[in-house]
Amino acid sequence: VFTPLRTRALENGSVLHVNDDGRFFASDKAFVKRSLAARLGVNDKAFLDTRNHRISEEDRFGLASFQYRQAHRLTKAEPLDYLILVPTLRCNLSCSYCQVSRAALNATGYDWNDETIREVMALIDRISSPRIQIEFQGGEPTLRPDLLTEVIERCLRFEERRFIICSNLHALGPAQWQLFDRADVFISTSLDGDLLTHAKQRTGADTGKFEANLRAVIERYGVSKVSALPTIDPDDPPDIVRVIDTFASFGLTSIFLRSINYQGFARKRHAESRVLSQNWAGYYRAFVRELIARNWRDRAQVLEETYLSVCLRRIFRPDSQRHVDLRNPNPLGADYLVVDHDGRLYPTDEARMLSRSGVIDLSLGQIGEDYRGDTWESLNRHSTNQFDPACSRCAFQPYCGRDLVDDLARYGRIDVPRTETAFCQRHMALFEFLFELIYDEDPAVQYSLARWLRLDGQSVALGEYVQ
Amino acid sequence: LELPKNNATNRDAEEEVNLCSVRLPVAQSDLGFAIKAAEWMGCFYPGSAATVLNDHVELTGDAGADRLELIWCAALLNERLHAQNEILRRGLLAGLTQ
């Protein structure tokens, strides 16, 4: 009998059993002992059989059905339809942790030259998909509204278009507003927790200008046009309630809690940043618990931690999203590409940072050239978590992903034992926390989970329990 | 695996981190799985460790005795399922990814 389950003892005293196809149940210790002693009862077997957790090896239909469900968990790289474009590296701010990805406001040689512009347009013209998503990164991309407009106009042939401008919202003039007025343009900005922390880490005395611009953007277009991401210093995190209050005061309901990701020399100066601190884990859990309490108190607004919701949907709705930071396999240089200010191509934005900081050159080549060369081949050969000895024993494997670039950034290599990597430890803790919540009977917890799954908040049983 | 007898002792009750130790029997037929489970236990459950000695396993960790026993049972079952299903799992996956 084929039993494609992996087990993990949870902190709440139960044992989680996860099928390779992602479906799961929890049990008490007695069930595990019965399994170990080959003394499963009639009810136990009936439960496992009816949920396809046990499949006869002669049952070809059952095995095919299992494969079908498993296939839904695997990423099939679509053709290229997502570009991250860096039209300029220049920026009008000088934030404490952003050194490798910016150049001075008046520096020369940090914007696309004519040849790069031509090749970017040619790349867009070659995209065969009926839809396109473009994220403008920098530097501060709004310093070149002319280039943004040129790219957007080149994309008018696509049936579905979405442009995200990642901006510090520091200086908005008529040209920037004209871009933002487009219905297919969205804005992603940074809001480092509360405004005091934002001032300390980013905008200093000019914070009032940023605040006024963020409010003006939201008033003009509504919150659905804007996302804001906080970058948190785990050693000096801002007060949780103040962070949530700040976001809620702008009407922003999705908070992507990110720990500072030091790159290059900054990482060398902050060697401890290779390891996620216990401080961060504690802060993160307390933050989510506060969101849950708040959602229960005030049902008018549902606040979420963005990445926890991504992970939750990886468990229950694997087909519902396309989050390129958490998928398996994680094909690089396939469905999305980064074009830097100098026309170099990268598989991810982090790869661009790594190359700029001199850690390792992960450039796939120059725009206009065939980028599927040795680097592309090497990266993609190792882009799955499927056959790793640790991952193949991990109950969370069906939900998890693979991040080669993060391993290279932190350790300079990709063969560090998986459970010793920050990516693994972070995700093991996240999924452990999620299953703790899934099996928490508190109605406040169940309400938030349902809403984060985009359900209506009515009580639903998210997990079965066997004893 | 015989059903274990709980043999927990708090060795260092006065220390900041209370290290707990549990000794459980291991059936001969489970010895190979137990050795592997012990190797992986610290990776998946930081703060806990297992040493297999002939017919028993010695578990130590900063969790309580009940938790250590639960971890061991889950780890041993996981290792057994991993070994028993590995070939078919790989075959089915290869069929999908080709």
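Every chain is numbered from 1 and lettered A, B, ... according to where its sequence line falls, protein lines coming before strand lines.
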*What part of A:C394 gets closer than 4.5 Å to chain B, counting heavy atoms only: side chain, backbone, both or neither?*
both
_For A:P417, which atoms come within 4.5 Å of any heavy atom of chain B: side chain, backbone, both, or neither?_
neither
*First locate atom CD of A:Q386, then atom CZ of B:R90, and finally report the distance between them rounded to the nearest 0.5 Å.*
9.5 Å
*chain A heavy atoms under 4.5 Å from B:R67: which part of the residue, side chain, backbone, both or neither?*
side chain
_Can you confirm whether A:D415 is buried at CG, in the sense that more than 12 heavy atoms of other residues, nucleotides or ligands lie under 6.0 Å from that atom?_
yes
*asked:* Working to the nearest 0.5 angstrom, can you tell me the gap between B:N78 CG and A:H17 NE2?
replied: 10.0 Å
*Does any non-hydrogen side-chain atom of B:Q84 lie less than 4.5 Å from one of A:F2?*
no
*Which answer fits B:F33, side chain, backbone, both or neither, if we ask what part of it has an atom under 4.5 Å from a heavy atom of chain A?*
neither
_More than 12 heavy atoms of other groups within 6.0 Å of A:Y465 OH_ = yes
_Using heavy-atom distances under 4.5 Å, tell me whether B:E86 contacts chain A through its side chain, its backbone, both, or neither._
neither
*Side chain of B:R89, backbone of A:D20: donor and acceptor closer than 3.5 Å?*
no
*asked:* For B:L53, I'd like to know if atom CG has over 12 heavy atoms of other residues, nucleotides or ligands within 6.0 Å.
replied: yes
*Can you check whether B:G95's main-chain N or O pairs, donor with acceptor, with A:Q67's side chain at less than 3.5 Å?*
no
*Could you look at A:L10 and say if it's the side chain, the backbone, both or neither that has a heavy atom under 4.5 Å from chain B?*
backbone
*Determine whether A:L36 and B:C73 make a side-chain contact, defined as any pair of heavy atoms from C-beta on separated by less than 4.5 Å.*
yes
*Is it the case that more than 12 heavy atoms not belonging to A:F61 sit under 6.0 Å from its CZ atom?*
no
*Would you find a donor on one side and an acceptor on the other, under 3.5 Å apart, between the side chain of B:N85 and the backbone of A:P4?*
no
*Members of residues 40-47 of chain A whose heavy atoms come closer than 4.5 Å to chain B*: none
*Heavy-atom check, side chain of B:L81 versus side chain of A:R6, under 4.5 Å*: no
*Without swapping roles, check the side chain of B:Y45 against the backbone of A:R8 for a donor-acceptor pair under 3.5 Å.*
no
*Looking only at heavy atoms, what is the nearest atom pair of B:F44 and A:A390, with distance?*
CZ-O, 3.3 Å
*asked:* Using a strict threshold of under 4.0 Å (side-chain N to carboxylate O), is an ion pair present between B:E39 and A:R393?
replied: no
*Taking every non-hydrogen atom, the tightest pair across A:T419 and B:C43*: OG1-CB, 3.4 Å
*asked:* How close do B:L93 and A:Q70 get, counting heavy atoms only, and between which atoms?
replied: CD1-NE2, 3.9 Å
*Answer with side chain, backbone, both or neither: which region of A:F66 has an atom nearer than 4.5 Å to a non-hydrogen atom of chain B?*
side chain
*Using non-hydrogen atoms only, which part of A:S14 is less than 4.5 Å away from chain B: side chain, backbone, both, or neither?*
backbone
*Examine distances only and state if a side-chain atom of A:T7 and a backbone atom of B:A74 form a donor-acceptor pair shorter than 3.5 Å.*
yes
